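As structure tokens, the structure follows; a few thoughts come after it.
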Amino acid sequence: MRSFFIVMVMGMFAQTRCSTDDFPHRVLRSHMLTVTVYTPDAQKGYYRASRFEWSSMIGHVTLDNTSFLDDWRKPHNPEIPEHGIGFAEEFGMANPPGFEPRKGSRFLKLGVGVCENHASAPYDFNYAYRVVDPGQWTWQSTESSMVLKTRKTLGKHGYAFEKRISVENATITIHHILENIGEKPISTWTYSHNFFNRPNSFTGTNYTFNVPVSLTRDSFDACTGDATGILNPTHVSPKAWKSQDARDAPALSSALSPQISSKEFYFSRELNASDVIYCDFGFTSSTPNRFSVRDAHGNGFNKVGTESLQTLHFYAVNTTLAVEPFSHIHLKPGEKTSWTHHVTFIASPESKQVESTLIYMFFQAFVVMTAFLLLGWTCKCIFTAVCKKHRTSERLSDQEVKPVDEQEVNKNGPTEGDAKAEESGKPKNYGSCVPVIEAGGKNTSEPTQECEALP
């Protein structure tokens, strides 16, 4: 039992090391929050594929012992394009600068470097293009902040990119600066994937999310997967959502929009390993960039961006859900732009109580197990002592006590000491027996029955 407990504890620590310490990283801290930032590294980095911007691997967040943003693809593979984490960001999802559908041609992927096309085919954001030249990254960090910089050119295209990450209280601030240092314009979409999950938790009825635009059931018709069957507004019955009968949910409809619409949704069932939901809601009007996600205990985060939201994507599998606000960037040569994301994490008191209860239960189990081991050891010692005493008693009982013959005691007659004792008026010594003094004071010359035999 003791060995099992030790192995279990060592296994937990080993698992933690595998998910954080095997790749170059920095841990940023406030008095409430810890955040892991994986630093770009072409040989050892957490992410070395061609899709996501390399400085955006921000995950393994802990707020008051409540953990968020775990690896959602396990085992993690740094060279698979979709294996980002947390606030992974991408530029040029549709058409990166300089891309040509020609095998062997090279193009510039912002935040990644120079990549090489594998075939005469359109760009595929999830294909593992070979990263020919990632360029140079530099970074500086303090206990609560970090600045990462890179720049790269290819032909007439070029960019300089800077990211500033800071942690204060329960909020992560991510500031971006992008400059066009080439001779051609940069026109690209950018977004953060926002991979949300909790360790050892799966996507389903325990998760809700809130988006900045009102969505109707028709908004989900073009989604991949069973979005209309799985996603439902939090304040309307699945029946009303399916039928779109405004009489069943008047608070979620209006005269201008008789259809039921909502900004907050939940999952009506648990997602299976085969479930994939992907939605492109496709609106073009500028909307404030803000959304939130929560688990059943109220743990989650609120994210606010300074750039306008111009389209919204949504992605969910059984290990993560992702609300993805998109914004468009257009920079002429020499122009620069910047934008900021503020992410505030929330750990509910209920969750803290649950985790404290689990820790207390674990401690109780440890105490009970220790007491059990001590009790077993004590019983063993008592049993051993009793058995030893019993065996000693048996050996003593087997020994016979025989009386000493009276003649043997005095077979040599009176000793010299006896003669001296008689002259001095002391009683004679008969071995261990003392002669009996009669009432008249006369000393007997031989032992009587009152003199017991020696053993």
Side-chain angles (χ1 to χ4, degrees), residues 16 19-30 32-41 44-49 51-63 66-74 76 78 81-91 110-112 137-150 161-178 190-199 289 291-293 299-307 315 319-325 338-347:
T16 302
S19 62
T20 59
D21 293 346
D22 286 354
F23 301 100
H25 67 279
R26 295 289 186 275
V27 177
L28 306 183
R29 292 181 174 89
S30 70
M32 300 173 64
L33 204 65
T34 61
V35 181
T36 299
V37 180
Y38 292 101
T39 53
D41 190 309
K44 302 177 182 179
Y46 176 90
Y47 188 82
R48 305 193 291 271
R51 177 179 177 181
F52 294 120
E53 182 262 301
W54 282 14
S55 70
S56 63
M57 300 297 116
I58 304 172
H60 297 294
V61 176
T62 302
L63 172 63
T66 302
S67 299
F68 305 89
L69 311 187
D70 197 10
D71 299 324
W72 69 284
R73 289 295 196 198
K74 295 181 179 180
H76 172 72
E82 68 173 7
H83 281 212
I85 189 173
F87 302 115
E89 299 178 355
E90 182 179 8
F91 294 97
L110 275 65
V112 177
W137 283 89
T138 61
W139 58 84
Q140 295 178 333
S141 64
T142 66
E143 183 179 6
S144 61
S145 65
M146 190 171 188
V147 178
L148 303 97
K149 297 180 181 180
T150 189
F161 181 66
E162 178 178 331
K163 178 171 288 185
R164 302 174 184 174
I165 307 168
S166 61
V167 178
E168 184 177 1
N169 297 327
T171 300
I172 305 173
T173 298
I174 308 170
H175 183 68
H176 314 71
I177 303 173
L178 178 63
T190 181
Y191 71 99
S192 175
H193 212 299
N194 302 308
F195 291 109
F196 177 79
N197 60 13
R198 296 286 317 284
N289 183 358
F291 71 94
S292 62
V293 290
N299 303 297
F301 65 77
N302 302 329
K303 187 171 183 179
V304 178
T306 58
E307 78 278 27
Y315 176 79
T319 54
T320 190
L321 71 85
V323 179
E324 308 169 24
S338 63
W339 66 100
T340 305
H341 295 158
H342 302 281
V343 189
T344 301
F345 284 84
I346 298 169

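For the numbers below, each heavy atom of this structure counts, side chains included, while hydrogens, waters and symmetry mates do not. Everything numeric here is computed off the predicted structure, so don't read it as measured data.
- Here H341 and H176 bring their ring centres to under 6.0 angstrom of each other.
- Remark: side-chain polar atoms of T173 are not paired, donor with acceptor, to backbone N or O of H342 under 3.5 angstrom.
- Looking at heavy atoms from C-beta onward, N289 lies out of side-chain contact with W339 at the 4.5 angstrom threshold.
- Interatomic distance, E53 CD to T150 OG1, rounded to the nearest 0.5 Å: 9.0 Å.
- Between the side chain of S30 and the backbone N or O of N169, at least one donor-acceptor pair lies under 3.5 Å.
- With rounding to the nearest 0.5 Å, the separation of NE2 in H25 from CG in D41 is 13.0 Å.
- Here the CZ atom belonging to F91 is positioned 5.5 Å from the CG atom belonging to L178, to the nearest 0.5 angstrom.
- Side chain of W54 to backbone of G45: no donor-acceptor contact under 3.5 angstrom is found.
- Annotation: side chain of Y38 is not in contact with side chain of P24 (no heavy-atom distance under 4.5 Å).
- The side-chain heavy atoms of D22 and K44, taken from C-beta on, include no pair separated by under 4.5 Å.
- Listed for the H76 side chain is no donor-acceptor partner under 3.5 Å among the backbone atoms of K74.
- Counting heavy atoms from C-beta on, the side chains of L110 and F161 never come closer than 4.5 Å.
- The pair R51-E82 does not count as a salt bridge, with every side-chain nitrogen at least 4.0 angstrom from each carboxylate oxygen.
- For F301 and F68, the gap between ring centers reaches or exceeds 6.0 Å.
- To the nearest 0.5 Å, atoms CG (L28) and OG (S141) are separated by 7.0 Å.
- A49 approaches V112 most closely through the heavy-atom pair O-CG1, 3.9 Å.
- Between the side chains of E90 and Y191, a donor-acceptor pair is found at a separation under 3.5 Å.
- A distance-only check finds no donor-acceptor pair linking the side chain of T62 to the backbone of T34 [under 3.5 Å].
- Checking side-chain atoms of N194 against main-chain N and O of F87 turns up no donor-acceptor pair under 3.5 Å.
- The shortest side-chain heavy-atom distance between T340 and E307 does not fall under the 4.5 Å cut-off.
- Heavy-atom minimum distance, N299 versus A347: OD1-CA, 3.2 Å.
- Annotation: side chain of Y46 is not in contact with side chain of T36 (no heavy-atom distance under 4.5 Å).
- Taken from OG1 in T171 to CG in L33, the straight-line distance is 8.0 Å, to the nearest 0.5 Å.
- Of the inter-residue distances, the one linking H175 atom NE2 with I165 atom CD1 reads 12.0 Å to the nearest 0.5 angstrom.
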Show your working on side-chain contact (heavy atoms from CB on, under 4.5 Å) between M146 and T39 and close with a plain yes or no.
CA-CA 10 Å; M146 190 171 188; T39 53; 3.3 Å; yes
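- In terms of heavy atoms, I85 sits closest to L69 at CD1-O, 3.7 Å.
- With ring centers used as reference points, F52 lies under 6.0 Å from Y47.
- Here T138 pairs with nothing under the side chain to side chain donor-acceptor pair (under 3.5 Å) rule; sequence neighbours left out.
- K149 is not listed as a side-chain neighbour of K163, based on a closest heavy-atom distance of 4.5 Å or more.
- Between the W139 side chain and the S55 main chain, no donor and acceptor come within less than 3.5 Å of each other.
- Side chain of D70 to backbone of R198: no donor-acceptor contact under 3.5 angstrom is found.
- L63 and A170 make their closest contact through CD1-CB, 4.0 Å (heavy atoms, listed as atom of the first residue, atom of the second, distance).
- Counting only N and O atoms by type, the side chains of S192 and K303 include a donor and acceptor under 3.5 Å apart.
- Taking the centre of each ring, H193 and Y315 come in below the 6.0 Å mark.
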